[in-house]
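Computed from heavy atoms alone, side chains included, the values below leave out hydrogens, waters and symmetry copies. The model shown is predicted, which means the values in this text are computed figures rather than measured ones.
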Amino acid sequence: MTGQQLMNISGESWSDFLIRLLVNIISIFCLIRFIYYPKNSRVKYLFTFFLMGMMIFLIASLLDRVSLDVGLALGLFAIFGIVRYRSPSIDLKEMTYLFLVIGVSIINALVEFNVQTITGLLVANLIIIVSALVMELYKPRNYVLKRAFVYTPSDYSVLNDNKTLLEEIRKNTGIDVLRVDIEKINRVKNEITVWIYFRENRPESVVPPHLEVIEESSSKMEWESTNSNHY
């Protein structure tokens, strides 16, 4: 290995590479620790996001000095397509943050850079961080929530009258339900599963005392009536 090879990485000087690396570390850390984590509190993803970002940055930096043909480029995309998370499934929001981390890392690794033009690199990172922060803080004043509700109907004839079904659901939940969609009917357990739609500014405060919240592996919240008979 020549002295020139020891003095640079990814075709640039060590000083430029280390500046890129520092900017990438700070950007990813701010994105996942100060923006993602306080609003989502899912600590297991901090490890994943940070190391994924670092790995993408190093791979992109090293490949920046390699001329890729079409076949090799498609092969790399295929590898990234195979290496994916299967169990447990990742929510859309976590997938978005994963994409942000990958995007920031690629930008920091491949954007044309030197010490004189570091402002452009910082601005690109700042735009992404500020955009994520704004969208985390932004909450619509009034939005519609969707929840699965399992309960025992007074009479199955209410299923033929949407207005009567709405009134019965409202009486059971104490919520001003806007719409009801019938999902499943279980005559053995004498219960039905419906999707209810309602408006609420603070979804964590809407669970009535006679309902319990069950969190499934897919992170979907299902409301189940404690008055129903279960087997």
Side-chain angles (χ1 to χ4, degrees), residues 1-139 219:
M1 183 176 291
T2 66
Q4 180 65 24
Q5 289 175 319
L6 289 174
M7 292 301 294
N8 64 71
I9 189 171
S10 71
E12 62 185 349
S13 65
W14 273 106
S15 60
D16 288 350
F17 172 77
L18 292 177
I19 291 175
R20 285 178 182 269
L21 180 62
L22 180 61
V23 171
N24 192 63
I25 291 175
I26 294 174
S27 296
I28 293 176
F29 187 78
C30 290
L31 190 64
I32 64 177
R33 179 60 183 86
F34 298 118
I35 299 178
Y36 169 76
Y37 182 71
K39 296 293 184 180
N40 301 274
S41 301
R42 306 186 74 174
V43 67
K44 64 180 180 179
Y45 286 111
L46 299 184
F47 174 88
T48 302
F49 291 154
F50 187 80
L51 290 187
M52 177 69 77
M54 292 299 297
M55 193 63 195
I56 293 295
F57 175 84
L58 292 175
I59 291 176
S61 297
L62 294 174
L63 291 180
D64 186 37
R65 65 189 305 177
V66 179
S67 58
L68 302 179
D69 59 19
V70 177
L72 181 56
L74 292 176
L76 289 174
F77 277 110
I79 292 174
F80 283 117
I82 295 172
V83 181
R84 61 182 179 176
Y85 298 92
R86 294 178 178 270
S87 178
S89 59
I90 301 179
D91 292 338
L92 181 60
K93 190 171 187 178
E94 276 67 40
M95 286 296 296
T96 302
Y97 270 98
L98 181 60
F99 182 75
L100 286 177
V101 168
I102 293 175
V104 167
S105 301
I106 292 177
I107 290 173
N108 292 331
L110 299 181
V111 71
E112 186 176 346
F113 168 79
N114 55 56
V115 176
Q116 289 74 26
T117 60
I118 191 174
T119 303
L121 184 65
L122 295 177
V123 169
N125 283 263
L126 188 61
I127 290 174
I128 296 174
I129 293 174
V130 171
S131 299
L133 177 61
V134 169
M135 294 310 300
E136 278 287 2
L137 295 177
Y138 170 74
K139 299 295 181 184
S219 300

Search all heavy atoms of V101 against all heavy atoms of G53 and return the closest pair with its distance.
-> CG1-CA, 3.4 Å

Under a 4.5 Å cut-off applied to non-hydrogen side-chain atoms, are Y97 and I35 in contact?
-> yes

Under a 4.5 Å cut-off applied to non-hydrogen side-chain atoms, are I28 and R33 in contact?
-> no

Of I128, L133, V134, the residue whose pairing with V130 passes side-chain contact (heavy atoms from CB on, under 4.5 Å) = V134

Taking every heavy atom of A132 against every heavy atom of L100, the minimum-distance pair comes out as CB-CD1, 4.3 Å

Value rounded to 0.5 Å, distance of CG in L22 from CG in N108 | 10.5 Å

Whether F17 and F57 hold their rings parallel, tilted or perpendicular, with breakpoints at 30° and 60° | tilted

Correct closest heavy-atom pair for Y36 and L46 would be CD2-CD2, 4.3 Å

Would you say E94 and K44 make side-chain contact, with heavy atoms under 4.5 Å?
-> no

Taking all atoms of both residues into account, what is the closest heavy-atom pair of A60 and L110, and its distance?
-> O-CD2, 3.3 Å

Minimum side-chain heavy-atom gap I32-Y37 below 4.5 Å = no

Measure the spacing between CZ of R20 and CD1 of I118 and express it to the nearest 0.5 Å.
-> 10.0 Å

